[in-house]
Participant: 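Would you mind keeping the following structure in view while I ask a few things?
Computed over heavy atoms, backbone and side chain alike; hydrogens, waters and symmetry mates excluded. Letters go in sequence order (proteins before strands), and every chain restarts at 1.
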There are 2 protein chains.
Amino acid sequence: MPVRDAEATRRRLLAAATADFAAHGIAGARVDRIAAEAGVNKALLYSHFGDKLGLFDAVFRMNADAVVEATPFTAEDLPDYAVRLYDAAIARPELIRLATWARLERVTPGGLVMDEAASDAKLRAIAEAQRTGFITPAMEPRDVLALVIAMALTWSCASLSYAAAPGDPEADHERRRRALSTAVSGAFRP
Amino acid sequence: MPVRDAEATRRRLLAAATADFAAHGIAGARVDRIAAEAGVNKALLYSHFGDKLGLFDAVFRMNADAVVEATPFTAEDLPDYAVRLYDAAIARPELIRLATWARLERVTPGGLVMDEAASDAKLRAIAEAQRTGFITPAMEPRDVLALVIAMALTWSCASLSYAAAPGDPEADHERRRRALSTAVSGAFRP
DNA sequence: ACGTTGTAACTATCTAGTTAGTTACCGGAG
DNA sequence: CTCCGGTAACTAACTAGATAGTTACAACGT
C-alpha cells in the first residue's frame, strides 16, 4: 500500500470521528482529538470534510446506511424483525448514540435514519401484510413501523426507561427478546 | 418583594438553565448565556450550583420529579397511561430532550427518570394487575413498564423512528393515540 | 514539472471558573 | 427611632486554557 493514500486517510478519520461523535456528540466532540486518534493532521481533516458539521454528517450518513442495510425488514414476521433490531442495538450502541445525537442536535422533526426509498419499501410491505392478514389493518403502516422500532429500542443505550448494560448476562437478553417478541406479536395481531 | 431574593434568583437560573440545557445539551449549553438570560451575574450562578454539572443535575432532578408526578400510573389501564404519556411528551418536549441529554452525557445504564421508590410502586402495581388478570403474566413487570414507556414515546422529539412536529394537525395526534392504545392493549393482553 | 497529500505553527475567539470588592438587608445597641 | 456592624446577595473585570479553523510551506509520486 502507498505511503500516501487519501482514501485510507479518509477512512481513518471517519472511524475516529464515529467513535468521538458517538461518545460526546457534536458539541462535545473535539476536532483535535479526532485528528490525533486517526493519526492525521488537522488541516487534512478540514480539506476532506470542510468543517466539523460536514464531518458529522459524513459519519452519520455512513453509519445510518450501514444499520439500515444490516437488518432486513420482514413485514410478515414483525416479532423477528424487532428481535433482530434489539440485537443490533445492543451489539452496536454507538450507532444508536450517533442517531440520537443527530436527532437532538440536527434534524428536529420527521424521519431520521432511513431515507425515503427504504422507508417507502417498508411501508408498502406492511400494507401488503395487512391485506394478507399478518398485521391488523386498524393502524396505518407508518404507525406500525414507528411502534415496532420504538419497541425494539426499549432497552437501547438511549432509552429513557431502562438502558441495558453492555455486560448484562445473556439470560437478561433472552428474557427481553421473549418479552419483546410477545409484545410485538400481540400489538399488531389482526 | 425584596430587591435581593436568593430564592427567586435560584428559580430564574433554573428556568433559564432548563431552556438552555434542553436546547443544547450539557456540552452545548453556555454558562454565560444562562446567566444573561436569567439576568443574574455569573459568579452568583457558581455560588448557587458549584459548577456547570451541578447546575445540570439540579435542573434535571427538578424536571424529572415534575414529570413523574404529573402522569399518575394506572396498571389496570395501561393503554390510557400510554396515551397520557404521549400527550405529556408532545406538550413538554423539553423534558424529553433534557432526559435524553442526561442519558447520553451522564448516566449510562439502568433507570433514569424515576427514582427507586416511584419505580418500585409501579412494578408492584403491574404484578398485582397480572395476578388479577389485567396484564399477561408472560412478562416480568420491569419489561412491561419499559415497553409501555418506550411505546408512548414512539413519536417523541427524541425518537429515532419518527418525531412528531409541534404543529402536527390534531388529526395526526388522534390517529397516533388510537394506534398506541390499540398496540398497548394487544401487547399486554393476558 | 506539477498536482496531490501532508505538516507545523499560528490566530482569533470563546469558555468555565475566579477574584476582589460593593451594595442591600437586618437585628440589636444606644 | 436611628445608627452600626456583620453577613448574605450581588457585581465588574479578569485569567488560563481550550477550540475551530487557517496559512505558508514541504515532500511524494507520477
Participant: Looking at D:dC28, C:dT7, C:dA24, which one has an atom nearest to any side-chain atom of A:Ala43?
Facilitator: C:dT7
Participant: State whether a side-chain donor-acceptor pair under 3.5 Å links A:His24 with A:Arg33.
Facilitator: yes
Participant: Compare the minimum distances between each of D:dA12, D:dA26, C:dA16 and the side chain of B:Val31, then state the nucleotide with the smallest one.
Facilitator: C:dA16
Participant: In whole angstrom, give the distance that lies between atom CG of A:Leu44 and atom C1' of C:dG6.
Facilitator: 6 Å
Participant: Are B:Tyr162 and B:Trp155 close enough that their ring centres sit under 6.0 Å apart?
Facilitator: no
Participant: Quick one: A:Lys42 NZ to C:dA9 P, roughly how many Å, whole number?
Facilitator: 14 Å
Participant: Do B:Asp172 and B:Arg175 meet the salt-bridge criterion of a basic N to acidic O distance under 4.0 Å?
Facilitator: yes
Participant: Indicate, with a heavy-atom threshold strictly under 4.0 Å, whether B:Ala29 touches base, sugar-phosphate, or nothing.
Facilitator: sugar-phosphate
Participant: What nucleic acid atoms does A:Thr9 come within less than 4.0 Å of, heavy atoms only: base, sugar-phosphate, or nothing?
Facilitator: sugar-phosphate
Participant: Rounding to an integer number of Å, can you tell me how far B:Leu45 CG sits from D:dA9 C1'?
Facilitator: 14 Å
Participant: Any donor-acceptor pair under 3.5 Å between the side chain of B:Lys52 and the base of C:dG17?
Facilitator: no
Participant: Which whole-number value in Å describes the distance from A:Phe49 CZ to C:dG6 C1'?
Facilitator: 15 Å
Participant: Ion pair present between B:Asp80 and B:Arg84, side-chain N to carboxylate O less than 4.0 angstrom?
Facilitator: yes
Participant: Given C:dA8, D:dA9, C:dT15, which nucleotide is nearest the side-chain atoms of B:Asp32?
Facilitator: C:dT15
Participant: Measure CG/B:Asp20 against P/C:dA16 and give the value in whole Å, please.
Facilitator: 10 Å
Participant: For the side chain of B:Asn41, starting at C-beta, report the closest nucleotide among D:dA20, D:dA27, D:dT11.
Facilitator: D:dT11
Participant: Hey, is A:Arg177 close enough to A:Glu170 for a salt bridge, meaning N to O under 4.0 Å?
Facilitator: yes
Participant: Between atom NE2 in B:His48 and atom P in C:dG17, what is the gap in whole Å?
Facilitator: 17 Å
Participant: From the set C:dA16, D:dT23, D:dA9, return the single nucleotide nearest to any side-chain atom of B:Tyr46.
Facilitator: C:dA16
Participant: B:Ile34 has an atom CD1; how far is it from atom C1' of C:dA16, in whole Å?
Facilitator: 12 Å
Participant: Which is true for B:Ala6 with a 4.0 Å heavy-atom rule: it touches a base, it touches only sugar-phosphate, or it touches nothing?
Facilitator: sugar-phosphate
